[in-house]
Amino acid sequence: MTSPLRETLTSRRFWSYSLVAALCRAPALMVAVATTTTSLMLTGRIDTGALMTTCHVVGTLAATPIAARIVGGRPARRVLGVQMAAHGLLWLVLWAAIGTGQPVWTWYLGAALAGTVIAGSGGVIRSLLPYTVPENAGRSASTVDVTFMDLLIFLAPLVVAATAPLHPLGPIAAMALVSLIAVAVLPFTGLPSPETDIDRRGSRLRWNTAAVAWIVFGAAIGVYFATVEVGATALITSYGLDVGLAWIVFLLLSIASVVGGYLDAARTPGRHEALWAFGAVALLVAGCLLLASGPPLPLAAAALLLSGLPVAALLGLRSHMIDVAVPPAQRAGYFSWAFATQNVGFAIGSTALAVIGQPALLTAASLTTMVALVVAVGLSRSLREPAPEAAVRS
């Protein structure tokens with residue numbers, strides 16, 4: 001029997017999907033680094049760029065309720081093309097506004113509009129994944145997709161780092177360019193076109209308790225992300241290290257996520273998937289509790305690795321269970337909410353970090369994640385069940 005991971009990695013449709021997903025996801029992942037870098041180079045401060053990032057996120061979140069209702073009722077390729085084109089053009093307008101010295105409020109407005117037009121795009125992209133692999137490989141493909149996105153989180157800012165020395169506005173131009181490249185690439189990829197197989201009249205979102213429970217679980221993971229990522233500098237300095245070494249935290253989390261993602265994707269789901277899920281979240285809880293106890297530096301590094309090891313697998317499970325729980329026409333909308341609420345969790349965690357500190361939040365975030373997983377598993381059908389429709393082999 002061919003392994004699910006092999007089925008995934010030998011699918012040409014999966015690689016076409018991954019290319020488009022990377023190009024469509026990268027600009028949003030570049031926003032924070034690009035705007036703060038440009039702000040720092042032009043004004044000597046990062047606060048303007050930080051506010052632009054906030055405006056972009058707020059714009060996305062504000063538009064999500066509308067986007068989630070309409071994206072599933074339109075052809076995915078067309079929706080992505082329009083969204084990425086609008087996103088790229090708005091950043092080009094911002095590039096011109098900043099370069100010609102327009103008032104700062106126009107920068108904030110442009111960033112908010114750019115966030116608004118891209119709302120729901122992540123859900124549209126992810127809704128296509130089940131059509132790229134055989135149905136028995138859906139769980140594996142979901143984990144691989146999350147692992148690739150983890151890598152992209154660290155690779156996308158490298159584009160900013162490469163363009164910043166060329167010109168202070170280079171990072172803004174790079175964001176716009178990547179968005180427009182996505183538009184240009186879309187017609188020439190083997191991206192799945194499931195529109196003919198889906199009754200779009202059923203795209204209006206209906207309440208699904210199991211899917212909502214997995215969305216809440218994703219929000220809890222978002223709080224965990226904020227605790228370890230936003231809290232990276234505080235963690236590093238608490239051990240007397242230079243704040244510039246905070247990248248080590250991200251490196252350890254990335255390594256752990258990739259290793260854990262591979263181990264999960266390479267295995268064939270068995271008869272006790274719920275126990276596997278509980279074991280995975282137990283690793284996250286153990287790592288967080290150990291880190292919260294303030295252990296010696298080597299143990300702190302081990303705790304970070306332990307907490308990050310199951311993250312890609314758990315988020316892959318979250319996405320796969322939404323695939324299973326909702327009809328195909330509603331997936332884009334549900335995934336739009338899933339990614340938006342994960343960002344809300346991140347924002348809540350960032351705020352809580354400043355109020356109660358990292359040790360307390362590590363404990364609270366990890367235990368909340370565990371409870372959310374138990375509830376989601378309890379409300380779901382069998383974790384072994386594949387997505388409802390047969391996928392297209394390539």
Side-chain angles (χ1 to χ4, degrees), residues 1-26 76-77 80 121-153 189-194 197-198 211 214-215 217-218 221 257-270 273 276-277 280 309-332 334-336 338-339 342 376 380-394:
M1 180 179 177
T2 305
S3 74
L5 180 60
R6 183 178 177 82
E7 293 271 20
T8 298
L9 297 181
T10 56
S11 167
R12 289 192 299 273
R13 286 184 178 271
F14 176 78
W15 287 107
S16 292
Y17 160 85
S18 296
L19 171 63
V20 172
L23 288 171
C24 291
R25 289 165 172 167
R77 201 186 294 255
L80 288 175
S121 61
V124 175
I125 295 166
R126 179 53 184 79
S127 69
L128 298 175
L129 180 60
Y131 301 94
T132 68
V133 295
E135 60 183 3
N136 67 300
R139 171 76 173 277
S140 177
S142 186
T143 299
V144 173
D145 181 53
V146 172
T147 304
F148 283 177
M149 188 152 55
D150 281 351
L151 289 174
L152 191 63
I153 289 172
T189 61
L191 193 67
S193 299
D197 302 323
I198 293 178
W214 285 106
I215 289 173
F217 168 73
I221 288 281
S257 182
V258 170
V259 171
Y262 169 78
L263 293 175
D264 177 61
R267 70 188 185 87
T268 301
E273 287 299 289
W276 170 91
L309 191 66
V311 169
L314 287 171
L315 284 178
L317 175 64
R318 181 274 312 266
S319 295
H320 179 66
M321 293 311 298
I322 293 175
D323 280 331
V324 170
V326 303
Q330 295 183 29
R331 287 178 187 156
Y334 263 98
F335 279 120
S336 297
F339 298 141
Q342 187 173 316
S380 298
R381 292 179 286 173
S382 169
L383 301 192
R384 299 182 64 198
E385 186 173 344
E389 80 290 334
V392 181
R393 281 183 180 268
S394 57

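All residue numbers in this chain count up from 1 along the given sequence.
Take Ser257 and apply the side-chain hydrogen bond (donor to acceptor under 3.5 Å, both in side chains) test, not counting sequence neighbours, and it matches Asp150. Annotation: side chain to side chain contact (heavy atoms under 4.5 Å, CB included) contacts of Ala21 (sequence neighbours excluded): Tyr17, Arg25, Ile125. The side chain to side chain contact (heavy atoms under 4.5 Å, CB included) check on Leu263 picks up Val259, with sequence neighbours excluded. Residues that satisfy the salt bridge (charged side-chain N to carboxylate O under 4.0 Å, His left out) test with Arg318, not counting sequence neighbours, are absent from this structure. For the side-chain hydrogen bond (donor to acceptor under 3.5 Å, both in side chains) test, no residue two or more places apart in sequence or in another chain qualifies with Ser140. Under the rule for a side-chain hydrogen bond (donor to acceptor under 3.5 Å, both in side chains), the partners of Ser142 that lie at least two apart in sequence or sit in another chain are Arg126.
Closest approach of Ala265 to Leu5, counting heavy atoms only: O-CB, 3.4 Å. Nearest heavy atom pair, residue Ala141 against residue Thr8, reads N-OG1, 3.6 Å. The two atoms that bring Arg331 and Tyr131 nearest to each other are NH1-OH, 4.2 Å, heavy atoms only. Nearest heavy atom pair, residue Leu80 against residue Ser121, reads CD2-O, 3.8 Å. When all heavy atoms of Pro130 and Asp323 are compared, the closest pair comes out as CG-OD1, 3.5 Å. Shortest non-hydrogen contact noted between Glu7 and Pro134 is OE1-CG, 3.5 Å.
With rounding to the nearest 0.5 Å, the separation of CZ in Phe14 from CG in Asp145 is 6.0 Å. To the nearest 0.5 angstrom, Thr143 atom OG1 is 4.0 Å from Asp264 atom CG. Summarising the geometry, atom CD belonging to Gln342 is positioned 9.5 Å from atom CZ belonging to Phe217; distances are rounded to the nearest 0.5 Å. Rounded to the nearest 0.5 angstrom, Ser3 OG and Leu9 CG are separated by 8.0 Å. Note that CG of Leu129 is 10.0 Å distant from NE2 of His320, once rounded to the nearest 0.5 Å. We find the CG-CH2 distance between Leu314 and Trp276 to be 5.5 Å, quoted to the nearest 0.5 Å.
In this structure a side-chain-to-backbone donor-acceptor pair under 3.5 Å is missing from Ser319 to Gly316. Side-chain N or O atoms of Ser11 include one that pairs as donor or acceptor with a backbone N or O of Thr132 at under 3.5 Å.
Considering only heavy atoms from C-beta on, Tyr334 comes within 4.5 Å of Ile215 through its side chain. At least one side-chain heavy atom of Leu317 sits under 4.5 Å from a side-chain heavy atom of Arg139.
Around the CZ atom of Phe148, the shell of radius 6.0 Å holds more than 12 heavy atoms that belong to other residues, nucleotides or ligands.
Using cut-offs of 30° and 60° for the angle between ring planes, the Phe339 and Phe335 rings count as parallel.
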